[in-house]
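Quick note on labels: first sequence line is chain A, next is B, and so on, each numbered from 1.
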Protein chains: 2
Amino acid sequence: MVTSLKPQLGANPERVRSHNKQLVLRAIRHVGTAGRAEIARASGLSTQAVSNIISDLLNEGLLVEQGVRSAGRGLPVQQYAIKPDGGYAFGVEVRPTAVFTALVDLVGTPLVTHRTPLADPQKATILETVCAQLDETLAKTHVPKNALMGAGIVMPGPFGDTGLTGTESELPGWNTGDPAEIFANRLDLPVFVENDANAAAMAERMNGVARGLDDFAYLYFGQGLGLGLVQNGQAVQGAFGNAGEIGHITVVVQGRPVELESATSRLSVQAHLAGHGVTVMNVDDLTSLYSSANRHLFVWLDQAAQALSSALSIIENLFDPQTVILGGAMPDDLLDHIIARTALPERSVSNRPDRKYPRLMRGTSGRMTATLGAAALVLHQAFTPTIAAAR
Amino acid sequence: MVTSLKPQLGANPERVRSHNKQLVLRAIRHVGTAGRAEIARASGLSTQAVSNIISDLLNEGLLVEQGVRSAGRGLPVQQYAIKPDGGYAFGVEVRPTAVFTALVDLVGTPLVTHRTPLADPQKATILETVCAQLDETLAKTHVPKNALMGAGIVMPGPFGDTGLTGTESELPGWNTGDPAEIFANRLDLPVFVENDANAAAMAERMNGVARGLDDFAYLYFGQGLGLGLVQNGQAVQGAFGNAGEIGHITVVVQGRPVELESATSRLSVQAHLAGHGVTVMNVDDLTSLYSSANRHLFVWLDQAAQALSSALSIIENLFDPQTVILGGAMPDDLLDHIIARTALPERSVSNRPDRKYPRLMRGTSGRMTATLGAAALVLHQAFTPTIAAAR
DNA sequence: GCGTTAACTCAACTTTCTTGAGTGTTCAAG
DNA sequence: CTTGAACACTCAAGAAAGTTGAGTTAACGC
């Protein structure tokens with residue numbers, strides 16, 4: 001039973017340099033600003049090698065000098081930082097009714113974000129819309145296309161024909177061909193495709209509460225509920241890109257089995273409130289319901305927290321993450337409320353006395369979470385050494 | 001919130017060579033025997049580079065020539081294969097009542113296996129026993145110590161003080177200090193520590209039904225139930241090494257929530273049978289009960305299969321593995337029976353028409369599964385390129 | 001038979017890293 | 001105030017690994 005060997009790249013001078021460059025960028029990004037010697041120690045390279053690489057990066061416009069810092073004895077340190085306009089990333093979130101786009105700079109600051117309603121969810125329409133948005137965004141911001149390092153695309157999973165197909169708010173026509181390749185050809189850019197939860201998780205790791213974390217889980221409240229997993233600094237995609245479909249597992253709430261997604265998701269809260277005659281159209285409606293202490297909403301929140309507690313037990317015991325982050329298209333207030341009410345399972349490997357992070361944290365939320373996450377995929381790539389890259 | 005940056009190695013000539021060597025070994029191992037040009041294509045190196053590396057590996061005794069193969073036109077291919085006695089790995093499984101050890105060669109063939117009862121489960125006693133077994137094994141097989149590439153150690157988790165502590169058949173005194181370091185110092189060898197499930201999974205990947213798979217899950221029947229996860233060819237350890245503690249999650253059987261481990265584990269079957277007046281002492285007893293079609297055993301098997309079906313739904317939807325493997329200290333017959341009776345969840349990302357592997361497979365079983373898995377950890381290391389190593 | 005195909009080797013070249021000596025700045029001890 | 005240690009960084013030489021392109025050998029097919 002011989003399967004194809006994943007193309008694991010051998011190292012040659014060119015690839016070594018590229019690898020080390022990214023290592024240096026990564027080290028600088030991690031601490032904000034750094035000097036040559038410091039980077040050398042962190043990377044296991046000689047200071048001379050680091051010096052040469054930094055000189056390269058300065059020429060390429062990826063770094064800026066940040067003045068000197070005299071730290072104790074010795075020659076003061078010439079510091080360097082990532083140059084924000086050294087590169088840009090385009091983030092795209094495709095939903096059945098609209099396409100969201102964002103342009104972010106090298107340090108992750110969004111320059112523009114945009115929502116384009118979709119006339120129809122056909123493949124051609126989507127490609128056309130994304131393409132047009134890219135051009136428009138570049139024109140508006142005067143960012144040259146060659147400064148774009150790539151595009152991240154968030155699409156609703158699952159990918160391919162699976163047992164969950166048909167149950168999702170799906171996009172027709174994407175089950176044939178590799179979406180990444182299709183977009184890459186159309187946009188003429190390196191493209192990275194992920195599901196919303198993984199993208200949001202990577203964004204959190206690049207610029208959110210998960211900065212510096214290498215092992216964590218992210219529960220993403222979207223239409224349904226998704227689980228983003230980061231292991232060893234890499235998003236876990238699974239064999240076919242469908243890892244993290246946590247919404248359809250069965251958990252126990254008040255002794256009764258329920259589908260997780262039916263208890264904790266945007267659809268779930270809408271359905272629950274509709275059952276009590278309350279109509280919510282969007283996230284803002286939820287916020288006002290919450291501030292007016294709507295009884296039905298509070299009932300739902302409590303029940304969601306109970307379901308979440310079961311899910312937490314599974315996530316923690318299966319992944320042993322540093323922390324679990326809650327985020328997505330849900331108002332902060334509600335997330336905070338749920339977090340406060342979620343019982344942290346006693347019988348969990350995460351129930352340890354020497355924790356550095358809370359077991360449950362709130363991440364970035366809001367409508368653009370996944371879109372910015374899409375852009376973060378590109379940034380993540382730019383700061384990840386390439387030799388023997390775990391994809 | 002700045003955390004310590006994982007020491008990601010920069011590439012220098014020495015590390016590049018080591019990386020490429022392992023890449024070549026890996027490519028050869030993957031296909032059994034291979035020629036230079038073939039390896040060059042697979043690794044992205046030039047044939048000249050591969051030639052030089054192979055010449056090195058021949059000198060080091062890690063490869064043997066395997067004669068020529070004339071494949072179509074052109075000069076016949078000089079083939080190479082891994083030299084079985086090119087290196088050895090020592091595997092250790094520590095249990096509260098005994099220590100199991102095994103010596104395997106570079107291709108994974110076990111030379112000797114041994115069980116040493118433990119007078120007491122104290123740390124010092126264990127270290128002493130392992131050390132003595134290593135010496136004895138080397139003496140018996142006339143393998144020089146410098147041919148040993150390392151030792152793999154399997155210890156019952158969870159590691160550290162967690163919410164599951166105290167519920168396991170535990171070893172006292174290992175919560176302080178890093179077990180890997182302690183063993184490494186004592187044995188004077190590179191040491192890799194894992195839990196039983198992950199080790200068994202790696203063994204399956206090196207020489208079992210998971211050969212060539214990079215993303216799969218392994219359910220290990222031990223005292224309890226453990227989940228080994230392989231993602232992108234690497235074992236998932238979690239932030240604190242405790243990933244895969246699936247035994248304590250709650251699943252639903254016949255509409256009622258139960259702890260998974262209470263339904264599917266060696267302890268569970270023993271308890272169930274004891275409740276009906278049947279005493280089983282070991283794996284052989286189970287085999288004979290099965291061949292005599294014991295009614296109580298069959299009831300347990302059905303119930304275990306139902307619990308497993310719930311677990312499968314969780315594993316598949318969270319990891320999207322290529323397959324899920326069942327193995328461990330359970331007779332083949334019983335595993336096969338359970339697999340046959342386990343309902344494959346419909347609503348799963350793994351329920352896809354284009355599958356190459358069954359959703360549920362039986363892996364290696366038997367008493368030495370984890371011990372050989374421990375040795376496989378060392379082999380895995382030897383065939384894994386080191387630059388930017390994912391640990 | 002003879003040209004084509006393909007694997008492999010040899011020798012020259014390139015890239016990148018490391019090493020060790022040297023420069024400049026800061027701090028602290030005498 | 002002087003002197004020396006500590007530290008960051010640069011320069012130039014050297015080493016290690018990979019690549020390139022020409023040349024050799026062997027099998028196949030027309």
Problem - DNA chain C: 5'-proximal contact among A:P13 and B:G35 (nearest heavy atom) - result: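 Of the two residues, B:G35 wins.
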Output yes when a side-chain donor or acceptor of [X] lies under 3.5 Å from a complementary backbone atom of [Y], and no otherwise.
{"X": "A:Q322", "Y": "B:F240", "value": "no"}
{"X": "A:N198", "Y": "A:V236", "value": "yes"}
{"X": "B:H19", "Y": "A:I387", "value": "no"}
{"X": "A:N20", "Y": "B:A11", "value": "yes"}

Handout entry: 5′-ward residue of the pair A:S51/A:L75 relative to DNA chain D
Key =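 First, find each residue's nearest nucleotide; the 5'-ward one identifies A:L75.
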Exercise for the section: Assign each of A:Q48 and B:V16 to its nearest nucleotide of DNA chain D by heavy atoms, then name whichever residue's nucleotide is nearer the 5' end. Expected result: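 Here A:Q48 is the residue nearer the 5' end.
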Handout entry: Under-4.0 Å salt bridge between B:R211 and B:E204
Key =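 Salt bridge absent between B:R211 and B:E204.
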Practice task
May I ask you to say whether A:E38 pairs ionically with A:R69, meaning some side-chain N is under 4.0 Å from a carboxylate O?
Solution key: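 Yes, A:E38 and A:R69 are salt-bridged.
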Problem - Single hit among A:V104, A:V107, A:L106 for side-chain contact (heavy atoms from CB on, under 4.5 Å) with A:P84 - result: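 The option that passes is A:V107.
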Practice task
Please name the residue in the list A:V92, A:I153, A:D178 that meets the side-chain contact (heavy atoms from CB on, under 4.5 Å) test with A:F183.
Solution key: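 Between A:F183 and the candidates, side-chain contact (heavy atoms from CB on, under 4.5 Å) is satisfied uniquely by A:I153.
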Have a look at [X] and say if it touches a base, only the backbone sugar-phosphate, or nothing, with a 4.0 Å heavy-atom cut-off.
{"X": "A:S46", "result": "base"}
{"X": "A:I53", "result": "sugar-phosphate"}
{"X": "A:I54", "result": "nothing"}
{"X": "A:R41", "result": "sugar-phosphate"}

Using atom [atom1] of [X] as one end and atom [atom2] of [N] as the other, report the distance to the nearest whole Å.
{"X": "A:Q79", "N": "D:dC7", "atom1": "CD", "atom2": "P", "answer": "17 Å"}
{"X": "B:K21", "N": "D:dA17", "atom1": "NZ", "atom2": "C1'", "answer": "12 Å"}
{"X": "A:R15", "N": "D:dG18", "atom1": "CZ", "atom2": "C1'", "answer": "10 Å"}
{"X": "A:R17", "N": "D:dT19", "atom1": "CZ", "atom2": "P", "answer": "17 Å"}

Problem - Contact interval (first through last nucleotide) of DNA chain C with protein chain B, 4.0 Å heavy-atom - result: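 Result: C:dT4 to C:dT18.
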Exercise for the section: Report the nucleotide, chosen from D:dC28, D:dT10, D:dT19, that has the shortest atom-to-atom distance to any side-chain atom of A:T47. Expected result: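 Closest nucleotide to the A:T47 side chain: D:dT10.
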Problem - Of the listed nucleotides D:dT19, D:dA6, D:dC9, the one nearest the side chain of A:R73 - result: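 Of the options given, the side chain of A:R73 lies nearest D:dA6.
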Handout entry: Within 45° cone of A:F383 ring axis and under 6.0 Å: A:R26 NZ or CZ
Key =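 Negative - A:R26 is either too far from the ring of A:F383 or too far off its axis.
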Exercise for the section: Please give the angle, rounded to 10 degrees, between the axes at the start and the end of the helix from C:dG1-D:dC30 to C:dG30-D:dC1, where five pairs define each axis. Expected result: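 It comes to 0° between the two terminal axes.
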Problem - Distance-only polar pair, side chains of B:S51 and B:R36, donor-acceptor under 3.5 Å - result: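 Distance-only check passes for B:S51 and B:R36.
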Problem - Short side-chain N/O contact from B:N20 to OP1 or OP2 of D:dG18, under 4.0 Å - result: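 The answer is yes; a side-chain N or O of B:N20 sits under 4.0 Å from OP1 or OP2.
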Exercise for the section: Answer yes or no: side-chain N or O of A:Q78 and base N or O of D:dC9 forming a donor-acceptor pair under 3.5 Å. Expected result: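 It does not, because no donor-acceptor pair links the side chain of A:Q78 to the base of D:dC9 below 3.5 Å.
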